[in-house]
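Data first, discussion second: the structure below is written as structure tokens.
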Amino acid sequence: MNIDSVLRSSIQKAIQDLFNQQVDNFQLQPTNQEFEGSHTLVCFPLTKLSRKSPEETGKIMGEYLVQHAGIVERFNVVKGFLNLVLNDKVWIETLQSIVENSSYGQLPERGEEIMIEYSSPNTNKPLHLGHLRNNFLGYSVAEIYKANGYKVHKVQIINDRGIHICKSMAAWTLYGEGETPESSGIKGDHLVGKYYVEFDKAYKAQVKALVEKGMTQDQAEKEAPMMKLAADMLRKWEQKDSDIVELWKMMNGWVYKGFDETYKLMGVEFDKLYYESDTYLLGKAEVLKGLEKGVFFKKDDGSVWVDLTVDGLDQKVLLRSDGTSVYMTQDIGTAILRFSDFPKIVGQIYTVGNEQEYHFKVLFLILNKLGYEWARRCYHLSYGMVDLPTGKMKSREGTVVDADDLIAEMIEEAEKQTRALGKIEDMNGEEARDLFKMIGLGALKFFLLKVDPKKRMLFDPNESIQLQGFTGPFIQYTHARIRAIIRKAESIGVFQSKSNFNEIASLEPAEREVIKSLSMFENKLREAARDYSPAVIANFAYELAKEYNQFYQTIPIFNEADQNKLRLRIALSKSVADVINRSMGLLGIHVPEKM
RNA sequence: GGUCCGAUAGCUCAACUGGAUAGAGCAACAGCCUUCUAAGCUGUAGGUUCGGGGUUCGAGUCCCUGUCGGAUCACCA
């Protein structure tokens, strides 16, 4: 049963009967901890209907509900707030229905498909902390949408061409001496990244030398031989020069192999990959069509523009005067391509940092102007930058936190702290390694996902490896503890008869609180999807675990002589473990049987 | 300069979209292991929600204004 909707319709009926009015937008909120009750009706807005004081209104409503709504046991009114105490039978029935619902936390199929893009790295350097936030967010939002009944397609666009990769290619050609991942033992993406740094070093030295010889900064930046070489490679690549294309393929191949390893470690995956080298020429035809339709306009020099001044934005170039595409053109083409690849999707979610907010605003406006109905359902999942205690991450200053290094450190730290507690002596080597990985990654993912995606966040390495308090491992630990209880319950045969809680008359407060938390899960799922926010799930999972730990601490489960009550406690525990497992799964975090 | 975000306990974050005395974790202090895992639980202390106006029964939340951060405004991606 759904308590909220039952209660809402009772309240609606009460208003109807008492005040002879049709209202359905009254405010029903959770009761504050300090007052008795679970649901609170805010009475101020109702005073217009009742023409009585808020207190009086609350009292009348409360009395009516106790008499007519079967589920309200008693009430109290504090100021204008009507606090409702539901009878324990309702909570017991709620638990019963959660226990019996094997797909609790999976909302019904909507028959809609949606696409989500995330990761989308450049191929000239390895992934870093910013990519971790991006990937974890994208993966998690995809899972949240699945749980909301959507069919989800996860994609990324790999920025595999352009001047950035040519820089790495240029430096490798000059200084590489044939070095490969195999010959050096360096992971492919890191090796290519190494030459990207080499390029930058050599380039800067050349610019400096030219400026000292009297060139202006601008001129020097264009004239430096390193840059000319990279630009030349880009030109040759576009002309499909076979030597350059071979080199490009080889180095990108190294990077992909490296990325694959990192993605595997991170536990993210994709249903389809788009490559910029395939899509960068798309969109031009669309722009020309739009030009014919009069959606865009042409300037005297031949360049094509969109005028967004009526939308409060500027004019934006879509085709250069030489007829070539820009980034925006390509994104228009890619969006349309994706809708023809997946004709059933109703929209797209782009997981991209907030520095590109303007870009996506423009992109969606343009798609809309081109007449694509689905443009309304395109959403930029914009997230804030990750800062370090030392300030911003800057690749040039070497303050970037490398994804592979960070994950390795987290796992190492998890191992150190786990071993120190001495609880895993009976595990074999492989089990232990899996556990360290689960805990290390759980800590990292939870740390990055518990914060509202929109907000920029601070990554403090010391805090992220903490395993106590509002952390992933705290929740994993709660799960492991419950699993120990379930194992014990199984060994003494508690599950042998089917659970039926009808004969239980009342609950302990701690039990009631846990059921209350459990019952919020599906609402949280909807909220998380609506807000594109895994943080909603992270907060929920934490609240649930905390609530359960209080129960665990105050009530010794197996001391209970009444078999029905014992079964209820075991069933309650199992439901918590299941919901923790499921909600952590939505964050891409695994939970252990023991830790 | 225009536009858009943000500012909440010493630190990191919440606050059900306008509701009650603004909540957690970390750090500090004081307690709880012969019991189902102490990666836990209980308590103490910590606040002019950046400043100033306004809107109303009620504002951390909405409006105006100022201060301080950040992003963005390329025939770059």
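Per chain, numbering begins at 1; letters A, B, ... match sequence-line order.
- Its glycosidic angle being within 90° of 0, U17(B) falls on the syn side.
- When the side-chain nitrogen and oxygen atoms of R320(A) are compared with OP1 and OP2 of C76(B), one or more of them lie within a distance under 4.0 Å.
- Rounded to the nearest Å, the gap between the C1' atom of C64(B) and that of G46(B) is 34 Å.
- Put simply, the side chain of Y280(A) does not reach to within 4.5 Å of the side chain of T324(A), judged on heavy atoms.
- The CE atom of M410(A) lies 14.5 Å from the CZ atom of F436(A); values are rounded to the nearest 0.5 Å.
- Because its NZ or CZ atom is both nearer than 6.0 Å to the ring centre of F558(A) and within 45° of the ring axis, K488(A) counts as a cation-pi partner of that residue.
- Atom P of A20(B) sits at a distance of 39 Å from the matching atom of G1(B), rounded to the whole Å.
- A distance of about 36 Å separates the P atoms of C29(B) and G69(B), rounded to the whole Å.
- Scanning atom types as modelled, no donor and acceptor separated by under 3.5 angstrom connect the side chain of N462(A) and the base of A27(B).
- Between the side-chain ring of F81(A) and the base of G19(B), no stacking contact exists by the 5.5 Å and 30° definition.
- Summarising the geometry, atom CG belonging to L291(A) is positioned 8.5 Å from atom CG belonging to L319(A); distances are rounded to the nearest 0.5 Å.
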- Message: For a side chain to side chain contact (heavy atoms under 4.5 Å, CB included) check, start with the C-alpha distance between V352(A) and H380(A), then their side-chain angles and the critical distance, and finish with the verdict.
- Response: CA-CA 7 Å; V352(A) 180; H380(A) 175 202; 3.7 Å; yes
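- In this model, no donor atom of one side chain and acceptor atom of the other lie less than 3.5 Å apart for R456(A) and N354(A).
- In the interface, the side chain of R483(A) is not paired with the base of U37(B) through any donor and acceptor atom under 3.5 Å apart.
- Once the 5.5 Å centre distance and the 30° plane angle are applied, the aromatic ring of F44(A) is found stacked with the base of G19(B).
- A close approach under 4.0 Å does not occur between any side-chain nitrogen or oxygen of Q466(A) and OP1 or OP2 of G25(B).
- As a whole-Å value, the separation of Y383(A) OH from C4(B) P is 23 Å.
- Checked by distance alone, Q29(A) brings no side-chain donor or acceptor within 3.5 Å of a matching partner on the base of G19(B).
- Syn is the conformation of C33(B), whose glycosidic angle sits no further than 90° from 0.
- Contact check, K455(A) against A14(B): a side-chain N or O comes under 4.0 Å of OP1 or OP2.
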- Decide side chain to side chain contact (heavy atoms under 4.5 Å, CB included) for T123(A) and I158(A); before the verdict, give the C-alpha distance in whole Å, the side-chain angles of both, and the deciding distance to 0.1 Å. CA-CA 7 Å; T123(A) 58; I158(A) 299 163; 3.5 Å; yes
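- A close approach under 4.0 Å does not occur between any side-chain nitrogen or oxygen of Y542(A) and OP1 or OP2 of A14(B).
- Summarising the geometry, the separation between CD on E357(A) and C1' on U72(B) is reported as 9 Å, rounded to the nearest angstrom.
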- Can you give the dot-bracket line for RNA chain B, using ( ) for pairs inside the strand, [ ] for pairs that cross earlier ones, | for pairs with another strand and . for unpaired bases, where Watson-Crick and G-U count if both distances are under 3.5 Å? (((((((..((((.....[...)))).(((((.......))))).....(((((..]....))))))))))))....
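- Counting heavy-atom neighbours within 6.0 Å of E34(A) CD, excluding the residue itself, gives a total above 12.
- Distance D314(A) CG to G1(B) P: 17 Å, rounded to the nearest Å.
- For G25(B) and U42(B), the P atoms lie 8 Å apart once the distance is rounded to whole Å.
- When rounded to the nearest whole Å, the span between CD1 of I165(A) and P of A77(B) equals 16 Å.
- In this structure, F474(A) places its CZ atom 13 Å from P of A24(B), rounding to the nearest Å.
- In this structure, K79(A) reaches the U21(B) phosphate: one of its side-chain N or O atoms is under 4.0 Å from OP1 or OP2.
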